[in-house]
Amino acid sequence: MDEPDQLKPLDPAYVTVMRISAALMAVPLLFGAIILETAQFTASGLFIIPAAFLAVWAVFRVPSRRFARWHYTLGTDRLRIVRGYLFFSDTVVPLGRIQHIDVHQGPIMRRYDLATLTVHTAGNHNSSVSLPGLRHADAVEMREAIREYIKAAQA
Amino acid sequence: MNEPLPAEDNPVAEGQRLHPLGLIVGLITGLPQLIFPMVAAVFGTGSRDRPELIPVVILAVLLISVFFRWLAWLRTHYHVGDDDIRIERGILNRSARSIPYDRIQDVSVEQKLLARLLGIGEVKFETGGGEGEDAKLSYVSLDEAERLRETVRARKAVVGTPEASAGAVPEPDLPPVFAMDTKRLVILGFYSFSLVIFAILGGLAQQFDFLLPFDWWDFKNWIGIAEDNGVDITHIDRSVQIGGAIIALLALTAIGFATGIVRTFLKEYGFRLDRTAKGFRRRRGLTTLTDVVMPVARVQAAQIETGPIRKINGWHALKFVSLAQESKDESHHMVAPLAQMDEIAPIMAEAGIALPSTEAQFRRAPLLWWGQGLVYLWIAMAIGTAATIIFADAPFSKAGWMLIIPLAFVPLVWLEWRNYGDLVDESQIYLRENWWNQQFSIAPQVKVQSAEVSQGPLARLFGLATLHFGIAGGSLRFAALPLEDALAVRDRIMDAVAPVDFSEINRRG
């Protein structure tokens with residue numbers, strides 16, 4: 001219960017993963033802006049300039065900010081996740097309330113050997129809580145620890 | 001099918017594949033979804049002009065679908081472990097789910113016609129997970145399904161609560177926990193004043209207006225009818241007009257009350273709540289009698305509801321928020337539609353929930369918090385005023401009235417502020433909110449599933465945060481606490497919650 005409040009950061013490679021995802025999202029945005037631009041509805045630059053700014057912000061600024069604020073700790077009886085660049089949140093899930101656990105790897109994450117740990121609770125709010133950007137081995141280890149905890153709690 | 005897999009990055013690497021016949025079922029049941037891609041492919045490849053190509057294109061689409069299904073099948077394994085069931089799946093997106101045996105409430109085997117012909121079935125592991133999305137295996141052989149079911153039953157440390165079923169015989173001559181007589185029903189009916197009948201009639205009139213001889217909404221027609229019948233509306237004097245209006249208003253009120261009473265009788269007639277060995281048993285209804293049993297251990301929170309009018313005579317309704325057995329079950333059970341507080345307290349006590357002590361001081365959220373909406377509204381009005389002055393050349397004296405509109409909402413903000421309160425004591429959390437639909441929620445701390453402190457950009461300026469508690473079947477939200485307080489309250493409650501396991505809180509009682 002009296003766990004040391006040692007918050008751990010995510011794996012730094014997750015910044016790159018977020019950048020790649022943001023860049024992939026930015027492509028259609030820029031594409032759309034260029035099309036609108038070439039159609040010349042209005043003064044030139046009205047679409048492409050904001051779109052470019054948004055893309056640069058989302059790819060270069062946001063991922064590092066989000067990463068810097070994203071921390072977690074798996075205590076003896078609870079999982080705590082602190083996150084949020086614009087919208088801050090600090091979530092605690094007691095291990096004794098976890099229903100089932102997912103370890104998930106998307107294609108980009110897999111390239112960097114990262115994984116997302118998702119725990120599901122019975123609550124309507126926060127029915128699933130996700131923690132991305134973990135080393136795959138760490139995520140698996142956390143899953144095992146949670147599973148052990150649930151098993152021990154029954155005894 | 002029990003071929004072991006080469007050890008990958010997973011410590012428990014051997015797993016089982018699903019039944020290959022499931023591929024056929026999947027393909028056939030998925031055929032409707034393939035129609036659009038097939039049509040698209042036929043047009044896309046330009047084979048409309050060369051009909052001999054059409055079967056080839058259709059076959060190609062089918063083959064691609066089969067290929068991906070086969071790939072997915074190849075990448076799906078499940079593993080029956082010592083403490084959990086693991087399901088790994090995904091081609092590009094790899095996902096591994098672990099479901100501890102102790103969290104599995106039920107294993108169901110479903111066989112639709114086609115699966116039945118092939119002798120395979122779909123196995124679903126039901127857990128208490130909030131939003132559906134439980135684990136399922138589609139498909140495995142029937143023997144395997146039976147084996148899985150047996151394994152889960154054997155491995156579960158404790159056998160869960162017996163299935164709640166309606167129609168159980170209650171213990172004889174025990175008085176009900178709560179019941180309503182006809183007088184109470186009539187009172188409830190009065191509070192259920194409703195003009196919904198006019199909405200229904202209006203809707204019907206609109207639906208079937210082609211059957212009416214004239215346009216329903218056109219008043220000139222009505223006047224025309226009146227004149228045809230010898231009434232000259234220009235000669236109706238003022239007193240008759242006023243009298244008419246009063247009669248119309250009275251009729252409207254009478255209809256509203258009558259509707260409320262009829263609806264209440266249909267739904268709540270013979271309302272009776274019993275405490276049986278299996279839990280709370282509720283019977284009610286005039287034409288359709290319903291009989292529901294809710295295990296006591298499934299009660300997650302109590303919700304006492306009232307309104308500014310019914311509160312004058314001390315009337316409240318009590319609902320229990322419960323962990324739904326299946327997603328289709330209702331999560332809020334009405335256990336006392338109209339009761340005094342001294343009747344409500346004993347019902348809650350049966351579920352182990354108590355009212356706060358009378359000295360308890362509820363915390364109020366800053367008035368500013370409730371006024372947030374007004375600030376936005378005022379900004380919008382200010383922009384509107386400025387626009388009117390600039391673009392319409394209106395003097396401020398003529399456009400400035402818009403700035404006063406938000407003031408009309410100030411009393412409402414004040415009422416919301418006055419009716420909000422939250423409280424945490426040794427074992428429960430309390431939240432009362434809203435002015436019109438007053439809700440007072442009480443939850444035992446051990447029934448909290450998760451807690452989150454959150455802060456938006458605006459709240460951060462004021463150092464205020466929101467504290468959310470996840471409850472099975474509902475959620476409680478404490479508004480506008482100073483950030484440090486929110487974290488402290490959260491940690492204090494988590495210290496009470498964490499040592500008690502989920503399986504304990506929902507099996508006892």
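None of the values given here were measured: they were computed from a predicted structure.
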Is it the backbone or the side chain of [X] that comes under 4.5 Å from a heavy atom of chain B, or both, or neither?
| X | answer |
| --- | --- |
| A/Arg110 | side chain |
| A/Ile98 | backbone |
| A/Ile101 | both |

With a 4.5 angstrom heavy-atom cut-off, which part of [X] approaches chain A: side chain, backbone, both or neither?
| X | value |
| --- | --- |
| B/Ile471 | backbone |
| B/Ile85 | neither |
| B/Ile91 | backbone |
| B/Arg477 | neither |
| B/Val446 | both |

Answer yes when B/Lys447 and B/Glu504 have at least one side-chain N-carboxylate O distance shorter than 4.0 Å, and no when they do not.
-> no
Can you tell which of [options] has the highest number of heavy-atom pairs within less than 4.5 Å of chain A?
| options | answer |
| --- | --- |
| B/Ile99, B/Val497, B/Ile87, B/Asp82 | B/Val497 |
| B/Gly456, B/Pro100, B/Ser475 | B/Pro100 |
| B/Ser95, B/Gly470, B/Ala486 | B/Ser95 |

Between the side chain of A/Thr38 and the main-chain N/O of A/Ile34, is any donor-acceptor distance below 3.5 Å?
-> yes
Output yes when a side-chain donor or acceptor of B/Asp83 lies under 3.5 Å from a complementary backbone atom of A/Lys151, and no otherwise.
-> no
Verdict with reasoning, A/Asn126 to B/Glu452, per side-chain hydrogen bond (donor to acceptor under 3.5 Å, both in side chains) = CA-CA 8 Å; A/Asn126 274 335; B/Glu452 176 185 1; 3.1 Å; yes
Is the A/Tyr85 ring parallel, tilted or perpendicular to the A/Trp57 ring (thresholds 30°, 60°)?
-> tilted
Is there a donor-acceptor contact under 3.5 Å linking the side chains of A/Thr116 and A/His104?
-> no
Counting only heavy atoms not in A/Arg111, do more than 12 sit closer than 6.0 Å to its CZ atom?
-> no
Given A/Leu114, which of A/His136, A/Met109, A/Gln105 fulfils the side chain to side chain contact (heavy atoms under 4.5 Å, CB included) condition?
-> A/Met109
